[in-house]
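Single-structure report; data block below.
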Amino acid sequence: MELFQAKDHYILQQGERALWCSRRDGGLQLRPATDLLLAWNPICLGLVEGVIGKIQLHSDLPWWLILIRQKALVGKLPGDHEVCKVTKIAVLSLSEMEPQDLELELCKKHHFGINKPEKIIPSPDDSKFLLKTFTHIKSNVSAPNKKKVKESKEKEKLERRLLEELLKMFMDSESFYYSLTYDLTNSVQRQSTGERDGRPLWQKVDDRFFWNKYMIQDLTEIGTPDVDFWIIPMIQGFVQIEELVVNYTESSDDEKSSPETPPQESTCVDDIHPRFLVALISRRSRHRAGMRYKRRGVDKNGNVANYVETEQLIHVHNHTLSFVQTRGSVPVFWSQVGYRYNPRPRLDRSEKETVAYFCAHFEEQLNIYKKQVIINLVDQAGREKIIGDAYLKQVLLFNNSHLTYVSFDFHEHCRGMKFENVQTLTDAIYDIILDMKWCCTHFLLWFPGPYTVNPPMCSF
């Protein structure tokens, strides 16, 4: 879509649709594309992929419009649904400030033979008016208010710092994904059992994983069908999609290297060598997200720090199989104070004060997943023991038959990078694993629930 700069607006336009973004108050307005003729000296800045939303970093500072400047195709999910990763963003101040060099791809329609877009230059009359106004203000202010100047500089410094962090978050982490036709926030099972109606994609999403929900709120509140085109639900996490061919009759590596083995021509007939599409989708909750060590435990709404739902998909012969696993911080009130590496954990509330919020967390989990198996990976001795003990006490008080609790001292068993010792855990819960089922899009096999892994000492 094309991005235009006018005197009072930035205008996004594609086909017959246009979104006008006010440079005076940050307001967003849907208008027909033909209204571009009414804009004051519109200049095409280039092409963008879509709207992430807008953000105000301080109540005294202008709104900023965040756009997808560049994307990368991750792959296609069953049904030919494209999934894209945000690789670069453009940030525009919804004010009279001139935009910096956005490095946008230039559209051929408006930039044929031009390397860079023009900048809007105020007319001579406007320049004279601004100069006159500035002189008038200067003459009426005998002595500048040093306190206000200092506050203004501090706000500008804070704004620059937050903008830098925003750019790093979107571009350095490469962890924001979207699809225009597929609901990345919901698992296959939730999509299959949900209501099949004519609602747009953004109205069907799982609220926990709709990361740009508040950034796009001005659009969602418009309430007309025309707005659906501009709303792109986005997740933070990870998506990988791969296609592979399984050859069940393929010989071993030793047989391949043997000079006596005649070369065989490989075939890719789907009936003989099925094509599998394998996908991994991790969705990070927008509730209680934060930096490791600084964001721990549960909050007053039952949300746990850095909660992630991971879905494994396998698609073969028009069937899609799905299995879900979740992780999150231990759902009690605890923290790690200080800035040194791995600060000592501490409990911030008593057992009695924690009960209601622990219950709120797992009541929501069981409402969504029906049954859950908790795999607690905290150390059973040393400084982490206080957290593990508090967790177990809360599980016993909750006393729900749909919740299974398993403790595994990960650091003790896998010390020295011996991660193969995780086999001890899988052997111990073999019967539980067999009881776990999966979801198939053609005939639903209800699984009792995903594993819930709570490793407070492991990075997200």
Side-chain angles (χ1 to χ4, degrees), residues 48-55 57 64-75 77 81-91 162-188 190-191 201-217 219-220 231-241 279-296 299 301 303-313 324-329 364-365 368 450 452-455 458-460:
V48 296
E49 299 292 343
V51 180
I52 296 175
K54 67 175 191 175
I55 189 170
L57 302 174
W64 290 83
L65 182 68
I66 305 174
L67 306 171
I68 304 171
R69 173 157 65 99
Q70 196 174 92
K71 67 180 181 182
L73 179 65
V74 176
L77 290 173
H81 299 289
E82 290 188 349
V83 178
C84 297
K85 175 172 63 178
V86 177
T87 56
K88 292 182 181 179
I89 64 170
V91 182
L162 291 174
L163 281 174
E164 288 173 2
E165 291 299 319
L166 188 71
L167 290 167
K168 287 179 183 178
M169 184 175 73
F170 275 97
M171 297 200 293
D172 291 355
S173 69
E174 293 193 348
S175 61
F176 288 88
Y177 299 82
Y178 70 94
S179 173
L180 299 178
T181 57
Y182 187 86
D183 184 3
L184 288 175
T185 69
N186 274 305
S187 65
V188 166
R190 290 199 295 273
Q191 292 185 54
L201 183 66
W202 68 270
Q203 291 184 5
K204 299 178 181 179
V205 296
D206 189 321
D207 184 73
R208 297 174 297 166
F209 309 116
F210 188 178
W211 257 78
N212 57 329
K213 176 181 178 179
Y214 287 109
M215 298 172 74
I216 210 82
Q217 192 169 7
L219 290 178
T220 60
I231 301 174
I232 302 175
M234 200 162 289
I235 66 166
Q236 187 189 27
F238 176 79
V239 180
Q240 184 171 351
I241 304 169
L280 193 68
I281 304 173
S282 285
R283 313 169 176 100
R284 188 186 189 193
S285 173
R286 63 184 181 85
H287 302 298
R288 200 159 174 73
M291 188 173 69
R292 185 186 182 192
Y293 297 129
K294 309 311 292 182
R295 185 74 74 185
R296 294 298 200 190
D299 66 14
N301 296 313
N303 300 308
V304 295
N306 294 316
Y307 178 91
V308 180
E309 178 189 82
T310 298
E311 180 178 21
Q312 303 169 65
L313 296 174
V324 171
Q325 179 178 349
T326 66
R327 67 86 60 208
S329 186
E364 182 192 46
Q365 294 298 291
I368 296 170
T452 295
V453 184
N454 295 88
C458 296
S459 61
F460 162 64

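Between E309 and V324, the shortest heavy-atom contact is CG-CG1, 3.7 Å. The two residues M171 and I89 come nearest to each other via the heavy atoms SD-N, 3.4 Å. Minimum interatomic distance between I281 and L77 (heavy atoms only, all atoms of both residues): CD1-CD1, 4.3 Å. The shortest heavy-atom contact between S175 and M169 is OG-O, 4.4 Å. The two residues V51 and L65 come nearest to each other via the heavy atoms CG1-CD1, 4.5 Å. When every heavy atom of F209 is checked against every heavy atom of I235, the shortest pair comes out as O-CG2, 3.6 Å.
Looking at heavy atoms from C-beta onward, N306 lies in side-chain contact with R327 at the 4.5 angstrom threshold.
A donor and an acceptor atom, one from each side chain of Q365 and Y307, are located under 3.5 Å apart. Under 3.5 Å, the side chains of T310 and Q325 contain no donor-acceptor pair of N or O atoms.
Once rounded to the nearest 0.5 Å, the distance linking CG of L313 with CD of Q240 reads 12.5 Å. For the atom pair CD1 (I232) and CH2 (W202), the distance works out to 13.5 Å, reported to the nearest 0.5 Å. Separating the CD atom in E82 from the OH atom in Y178 is a distance of 9.0 Å, to the nearest 0.5 Å. For the atom pair I52 CD1 and F176 CZ, the distance stands at 8.0 Å (nearest 0.5 Å). If you take CD on Q236 and OH on Y177, they are separated by 10.0 Å, rounding to the nearest 0.5 Å.
In this structure S179 satisfies the side-chain hydrogen bond (donor to acceptor under 3.5 Å, both in side chains) test with no other residue, sequence neighbours excluded. Taking D207 as the reference, K213, R286 meet the salt bridge (Lys or Arg N to Asp or Glu O under 4.0 Å) condition, with sequence neighbours excluded.
A distance-only check finds a donor-acceptor pair linking the side chain of T87 to the backbone of Q70 [under 3.5 Å]. Judged purely by atom type and a 3.5 angstrom limit, D172 has no side-chain atom pairing as donor or acceptor with the backbone of L167. Between the side chain of W211 and the backbone N or O of R284, at least one donor-acceptor pair lies under 3.5 Å. A distance-only check finds no donor-acceptor pair linking the side chain of R69 to the backbone of V91 [under 3.5 Å].
Of the residues listed (L184, D183, N186), the one engaging D206 in a side chain to side chain contact (heavy atoms under 4.5 Å, CB included) is N186, and it is the only one.
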>> Could you walk me through whether H287 and N301 satisfy the side chain to side chain contact (heavy atoms under 4.5 Å, CB included) test, starting with their C-alpha distance in whole Å, then the side-chain angles of each, then the deciding distance to 0.1 Å, before giving a yes or no?
In response: CA-CA 9 Å; H287 302 298; N301 296 313; over 6 Å; no
> What's the verdict on salt bridge (Lys or Arg N to Asp or Glu O under 4.0 Å) for R208 and E364, showing C-alpha distance, side-chain angles and the deciding distance?
Replying inline: CA-CA 11 Å; R208 297 174 297 166; E364 182 192 46; 5.3 Å; no
> side chain to side chain contact (heavy atoms under 4.5 Å, CB included) between N212 and F210: does it pass, once the steps are laid out?
Replying inline: CA-CA 6 Å; N212 57 329; F210 188 178; 3.1 Å; yes
>> Go through it in stages, so that I can follow the logic: the residues are L166 and I66, the test is side chain to side chain contact (heavy atoms under 4.5 Å, CB included), and I'd like the CA-CA distance, side-chain angles, deciding distance and then a yes or no.
In response: CA-CA 10 Å; L166 188 71; I66 305 174; 3.4 Å; yes
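Between E311 and R190 no salt bridge is recorded (no basic side-chain N to carboxylate O distance below 4.0 Å).
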